[in-house]
Amino acid sequence: MSNTASFSFPAPGPGERGQAVLRLLLLVSAYVGSGRLGLAIPYIGSNITLVWLPTGIAVAALVRWGWRYWPGIWLGALLVNLSIGSSWLVAGSISLGNTLGPLAAWWLLQRLDFHRAFDRQKDVALFVLGAGSGMLLTASGGVASLWLTGLVPTELAGRAWLTWWLGDTVGILLAGPLLLTISRSSRQALSCRRSELAVWCLLTLLVAWGAFILNAGQGTGALPLAFLTLPLVVWAALRFGVTGASLAALLLSAIATWGTAHGRGPFFLNDVHQGLMLLWAFMVALVLIGLLITALQAEGSRAEAEIKSSQERLSSLIEAMPDAIFFKDGAGRWLITNGPAQRLFQLQGNEWLGITDAALGAARPEFGDLSAACQRDDELAWQAGKVCLFEEQLRDAEGRPHQFEVRKVPIFESDGRRKGLIVIARNVTEERNALREIEQLSQRNELLLMAAGEGIYGLDEQERLTFINPAAQRMLGYRADELIGQVPPWRHPEQAADDRPNECPVRQTLADGLPRRGCEAWFLRRDGRGFPVMLTVSPIGEPGQLSGAVVTFQDVTERKQAEADIHRLAFYDPLTGLANRRLLHDRLAQAFAKSARQRGHGAVLFIDLDHFKALNDTLGHDVGDVLLVEVARRLVEAVREEDTVARLGGDEFVVMLERLGGELLPAAFQAERVAEKIRTALNQPYVLKGQPYRSSPSIGISLFLGEQKTRDELLKHADIALYRAKKAGRNTIRCYDVADMVERGSGAGQPIA
Ligand SMILES: Nc1nc2c(ncn2[C@@H]2O[C@H](COP(=O)(O)OP(=O)(O)OP(=O)(O)O)[C@@H](O)[C@H]2O)c(=O)[nH]1
């Protein structure tokens with residue numbers, strides 16, 4: 001029962017109450033019974049005894065059951081004192097002291113964390129202290145009561161107090177341990193050794209009889225026999241535990257006390273007091289020897305169990321390690337190894353125990369080199385006197401090489417002798433191979449990066465440059481060391497290749513973690529010149545956990561140029577730069593649609609130079625080309641910007657006019673006015689090869705309104721009108737639609753001459 005627990009009082013149930021009453025009755029009867037027994041061998045008066053066992057019973061009851069059993073002690077003490085004829089006053093006051101003393105001892109013991117199993121030396125000391133201290137109260141209260149009532153004269157009061165105190169203290173020491181430790185398991189332990197116990201009892205009774213009873217009278221001659229009891233207590237302590245030792249001390253003390261009280265044994269002396277002191281000392285010695293031996297034994301067992309469990313923990317730990325672990329003694333003999341270590345050297349069972357590297361190398365030639373290396377490295381570690389790291393190589397059963405990183409820890413005795421060497425070998429083969437592969441890979445990547453024709457650079461998530469390859473440095477005109485860690489200055493997100501504002505693909509990728517390919521952008525060189533690029537942006541990491549992006553780009557200036565050339569060749573006349581037939585067709589299609597929407601007329605003017613062939617023939621083709629270029633320039637000048645001027649080939653030009661109004665005739669007049677303007681412009685003199693030259697055009701007009709005519713019909717009509725103009729003597733203008741109207745008799749007017 002824990003002493004602390006005894007402070008809390010849950011309301012006792014009916015069963016508990018019954019148990020408490022039983023315990024109280026047991027306590028009272030044990031107290032009265034042992035008290036009466038003690039008083040049967042009185043020493044001073046009828047109230048002071050040699051050994052007062054009831055105090056031991058009282059303290060044991062309080063420690064085991066709790067302090068609430070104090071009334072049992074008080075009642076027991078009262079009854080004992082009344083039974084020997086003490087007055088109520090004397091009996092009451094002595095009982096009070098008899099109750100307070102054990103209570104004080106209990107209080108002290110529970111405050112000092114006393115274990116009633118007596119399994120620590122400390123508990124033995126605490127018990128002696130608790131008993132001695134508590135009994136100060138009992139002895140003082142008891143002797144004071146007797147002195148006050150005149151039962152003890154003043155001159156005997158001191159000795160009476162000492163006798164009382166020692167008697168009670170010894171009583172606690174004798175009865176307490178037995179009552180505190182007796183239990184079912186301790187009884188079972190004793191019964192397991194019944195035969196030995198019987199032999200021990202017989203021998204003990206024999207020795208006790210010889211020592212304390214056989215020898216009557218004033219005799220210290222039996223004193224040596226008294227010492228023979230000590231080995232018997234030691235025997236009991238070693239073989240029967242704390243209960244057996246307590247029982248032995250109690251039994252021997254009881255016999256010694258009885259003998260002394262009856263004038264026998266070595267403690268019955270002329271000087272009664274001296275004899276009594278010797279007896280008490282003897283009894284205390286018996287108790288302490290027994291208790292200390294069992295406490296030491298318990299402590300030893302605990303320490304042994306702790307060492308064993310810590311060894312088990314250590315072995316499991318060593319065994320669980322993936323590294324090979326060895327512990328060698330100062331002479332290099334293997335004392336501890338784990339599974340990986342045994343597998344490493346292909347050793348089974350206990351083959352390895354006590355082996356040295358040298359012996360292993362001799363017995364297993366395949367480990368010869370390794371064992372020599374191990375011995376050499378061991379010696380180096382011993383010499384260094386500190387943890388050393390080595391690289392060792394070993395081939396496995398299949399002959400594959402393994403690389404080991406070996407840590408050696410030398411341990412020395414305090415006098416400097418070699419005590420042991422801890423060796424921890426880690427197989428780093430895979431780690432090293434992986435490292436080598438990574439190195440090769442990164443070298444290859446670096447080479448690729450260096451050799452790539454495309455510009456490649458990396459950005460972190462803050463758009464700061466992390467690397468840039470030589471091609472990119474060349475194209476942009478920067479050196480890597482100038483820009484690493486900075487935001488690149490060449491990016492112009494607002495300026496795309498086609499001059500339209502665009503979103504920056506790099507920023508988009510850094511924001512959403514998605515790759516972007518084939519993006520057009522415009523980069524600025526260090527000298528400020530821009531150039532078009534085609535970008536690919538690849539994110540590094542997963543969306544949401546990006547660590548940056550890699551940008552790959554190509555300078556697409558030449559491609560853009562080629563595309564522009566192709567476009568020009570496809571839609572423009574190379575000599576004059578005017579629209580060609582294809583572009584004219586496109587524009588006509590658009591103009592038809594617009595005309596239909598706006599319900600406004602448009603017109604095409606077919607223009608052919610007069611007698612151009614003669615110029616070619618006389619002055620040459622080159623001069624003819626010069627004239628054609630000049631004619632083109634004049635045509636462009638003569639019309640509005642939105643009008644289309646095209647060259648169909650040779651000396652044939654077409655001008656397309658739009659927004660001529662909804663009425664046919666006004667539209668025809670407008671077209672004629674433009675044609676006239678053109679005619680006038682082309683009639684102006686030219687200077688060819690430094691010589692003045694005159695030329696004139698013939699012009700045929702055809703009008704259109706929406707999709708009323710097809711493109712071919714429209715061009716055919718213009719051609720017909722041109723033919724008419726040529727036929728009318730050249731340098732003239734004819735309009736197909738007006739002539740047609742006249743022919744059909746609409747009376748719209750004369751054809752234009
Ligand atoms: N210089 C030059 N001449 C060209 C080119 N293409 C065609 N020609 C020539 O242009 C001339 C066209 O002549 P035509 O329109 O048939 O005859 P013309 O002499 O103008 O006669 P009319 O038109 O009836 O007055 C031919 O001599 C072609 O060889 C060119 O690109 N450059």
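Here the structure is a predicted model, which means the values were calculated and not measured. For ligands, and for the atoms within them, numbers begin at 1 and follow the listed sequence.
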Backbone of Leu514 reached by a side-chain donor or acceptor of Thr509 within 3.5 Å = yes
Take Arg581 and Asp573, measure what salt bridge (charged side-chain N to carboxylate O under 4.0 Å, His left out) needs, and give me the verdict at the end.
-> CA-CA 9 Å; Arg581 187 184 296 272; Asp573 169 43; over 6 Å; no
Pair listing, side chain to side chain donor-acceptor pair (under 3.5 Å) test, anchored in residues 595-604, at least two apart | none
Please check if the side chain of Asp719 supplies one atom and the backbone of Leu715 the other of a donor-acceptor pair under 3.5 Å.
-> no
Report every pair formed by an N or O atom of ligand 1 and a protein N or O atom separated by less than 3.5 Å, giving atom names and the distance to 0.1 Å.
residue: ligand 1; atom: 1 (N); partner: Asn616; partner atom: OD1; Å: 2.9
residue: ligand 1; atom: 1 (N); partner: His621; partner atom: O; Å: 3.0
residue: ligand 1; atom: 1 (N); partner: Asp625; partner atom: N; Å: 3.4
residue: ligand 1; atom: 1 (N); partner: Asp625; partner atom: OD1; Å: 3.1
residue: ligand 1; atom: 3 (N); partner: Asn616; partner atom: ND2; Å: 2.7
residue: ligand 1; atom: 3 (N); partner: His621; partner atom: NE2; Å: 3.4
residue: ligand 1; atom: 15 (O); partner: Asp651; partner atom: OD1; Å: 3.3
residue: ligand 1; atom: 15 (O); partner: Asp651; partner atom: OD2; Å: 3.2
residue: ligand 1; atom: 19 (O); partner: Phe612; partner atom: N; Å: 3.3
residue: ligand 1; atom: 19 (O); partner: Lys613; partner atom: N; Å: 2.8
residue: ligand 1; atom: 20 (O); partner: Leu609; partner atom: O; Å: 3.2
residue: ligand 1; atom: 20 (O); partner: Phe612; partner atom: N; Å: 3.0
residue: ligand 1; atom: 20 (O); partner: Asp651; partner atom: OD2; Å: 3.1
residue: ligand 1; atom: 23 (O); partner: Asp608; partner atom: OD1; Å: 2.9
residue: ligand 1; atom: 23 (O); partner: Leu609; partner atom: O; Å: 3.4
residue: ligand 1; atom: 23 (O); partner: Lys726; partner atom: NZ; Å: 2.9
residue: ligand 1; atom: 24 (O); partner: Arg730; partner atom: NH2; Å: 2.9
residue: ligand 1; atom: 25 (O); partner: His611; partner atom: N; Å: 2.8
residue: ligand 1; atom: 25 (O); partner: Lys726; partner atom: NZ; Å: 3.3
residue: ligand 1; atom: 25 (O); partner: Arg730; partner atom: NE; Å: 3.0
residue: ligand 1; atom: 31 (O); partner: Arg647; partner atom: NH2; Å: 2.8
residue: ligand 1; atom: 32 (N); partner: Asp625; partner atom: OD1; Å: 2.7

Phe704 backbone acceptor or donor facing Lys709 side chain under 3.5 Å = no
Axial cation check for Phe531 ring with Arg525, 6.0 Å and 45° limits = yes
